[in-house]
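Owing to the predicted nature of the structure, the values given are computational and were not obtained by experimental measurement. One-based numbering, in listed order, for ligands and for the atoms of each.
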Amino acid sequence: MTAPLAPTSLSSSSASQPEEAAPTGTGAAPVSPGGASETLFERAVKVIPGGVNSPVRAFRSVGGTPYFVDKAEGAFVYDADGRRYIDYVQSYGPQIAGHAHPAVVRAVQQAAERGTSYGAPTRGEVLLAEEVRARIDGLEMLRLTSSGTEAAMSAVRLARGVTGRDKIVKFAGCYHGHSDSLLVAGGSGVAQQGLAGSEGVTDGAVADTVVAPYNVIPRLDESVAVVCVEPVAANMGLVAPEPGFLQGLRDACDEVGAMLLFDEVITGFRLCRGGAAQWFGVKPDVWCFGKVIGGGLPVGAFGASTEIMSALAPLGGVYQAGTLSGNPLATAAGLAVLELLDDDAYRRLESAVESLQQGLTQAFAAAGVPAVVPRVGTLLGLFFTESAPHDFDTASAAADNGLYRKFFHGMLRRGIAFAPGAYEAIFVSLAHDDSEIEATVEAAAETAREMAADR
Ligand SMILES: *Cc1c(COP(=O)(O)O)cnc(C)c1O
């Protein structure tokens, strides 16, 4: 299948204001009136827009008041009122080892005692870069940033610099951070708010961004610098690449001399040692990482062959920088996490994720609630629909049918925290043991019966 290249239709005036989410159907969030979370939220909304520093956290699409986290440990977060939740947010991916893993805490403490940032290179940066390179076949050099957004933004600039071309192709529902040219049709929080992109992004900024449907190989031409893709889409719920999609992208890029960029900010070091490139046996030209490689501290990275990376300043003419890039606390945390991620860790994680997948599937089936629980290795999703979505249109039809918010609040009341939005993946950590998975499945069975009775 091919689709013609069409310019994006996003204009800065076409994005509408997010609407206030309707109240939830079944029950309220466990945030108690007058409790510490509610009091903090009342204060937060006066000094922070929406009370949050990243929109998804605001509970807009599920309704209710967000719980404020006081502390977290392993599979659990504790809210400001001392309530404990089994956590499947896990910071949206970074906490693959579970919260406050002793090895990570120790690494960060030891690093902090030696100073928190210098503006000069450090041993930790070299060690982390070497560790990433050792795991990713074909990646020879990388540069560290402070976020996945910066990594993707810089990788696109690099691809444009190296190819001397302007156009970039992305897929609807894939998220590559919130930089201007990549935010269009961005999935995650953008989708959750019903936005096509963002106000404040000029037509000029997206004029060279082409949006194609996921799982369809776009027809490329020699104006395309780079094709950006989440090799497993994990920001429109979880949507797996269909067999041949990634290889098809590789071939299409090779045909016109475009670069292929795998945004592995979620899949990297979560799917397996070598990430999606190893999992699917398709090698991109450029990789982006984030989340897991920072162990919960602010990190991103992008990498490629030595030849491509040599275009970057100070070796080449593509400029990219960062005061806190390669921060010593972040590299220490990232290294500590990667050290925990051997083949056995991935096997244990996959087995936990598989149990959860089976348990959830059975719970919804038993209650007669239409649901699919897609899984790619250690990555899990959940859609309340009959068949697994394959692109953004089918994913958003499933995400916006109102069932997720019922599930979300039913689970939260039972002490299980899923992401407050239907477009996020389910993040299981190495700290989720059988007992947490069993408790989650039991709560899902009760919630599913409630949802069925409510229909
Ligand atoms: C989270 C994410 C990003 C952005 O990373 P930030 O650290 O939030 O800026 C980019 N790409 C993908 C695939 C992501 O999931």
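Ring pair F289/F269 is tilted by interplanar angle, where 30° to 60° counts as tilted.
For atom 11 (N) of ligand 1, the closest non-hydrogen atom on the protein side is D263 OD2, 2.7 Å. The single protein non-hydrogen atom nearest to atom 8 (O) of ligand 1 is T149 OG1, 4.4 Å, given as residue, atom name and distance. Ranking the protein heavy atoms by distance from atom 6 (P) of ligand 1 puts G148 N, 3.4 Å first. Protein heavy atom closest to atom 13 (C) of ligand 1, with residue, atom name and distance, is Y175 O, 3.2 Å.
For the pair K291 and ligand 1, a heavy-atom separation below 4.0 Å is found.
Between F280 and F262, the gap from one ring centroid to the other reaches at least 6.0 Å. Checked against a 6.0 Å centroid threshold, the rings of F418 and Y404 do not count as neighbours.
When heavy-atom distances to ligand 1 are checked against a 4.0 Å cut-off, H176 comes that close only through its backbone atoms N, CA, C and O.
Of the N and O atoms on the side chains of T267 and E264, at least one donor lies less than 3.5 Å from an acceptor on the other residue. For Y88 and T440, the side-chain atoms include at least one donor-acceptor pair closer than 3.5 Å. Between the side chains of Y423 and D400, at least one donor-acceptor pair of N or O atoms lies under 3.5 Å.
Ligand-side atoms of ligand 1 in range of S147: 7 (O), 9 (O), range being under 4.0 angstrom from any heavy atom. Close approach of ligand 1 to I266 is summarised as follows: ligand atoms under 4.0 Å from at least one heavy atom of the residue are 15 (O). Every atom of ligand 1 with a heavy atom of E230 under 4.0 Å away is listed here by number and element: 13 (C).
In this structure, E255 places its CD atom where only 12 or fewer heavy-atom neighbours from other residues, nucleotides or ligands lie under 6.0 Å away.
By the 3.5 Å distance cut-off applied to N or O atoms, N235 is counted among the residues near ligand 1.
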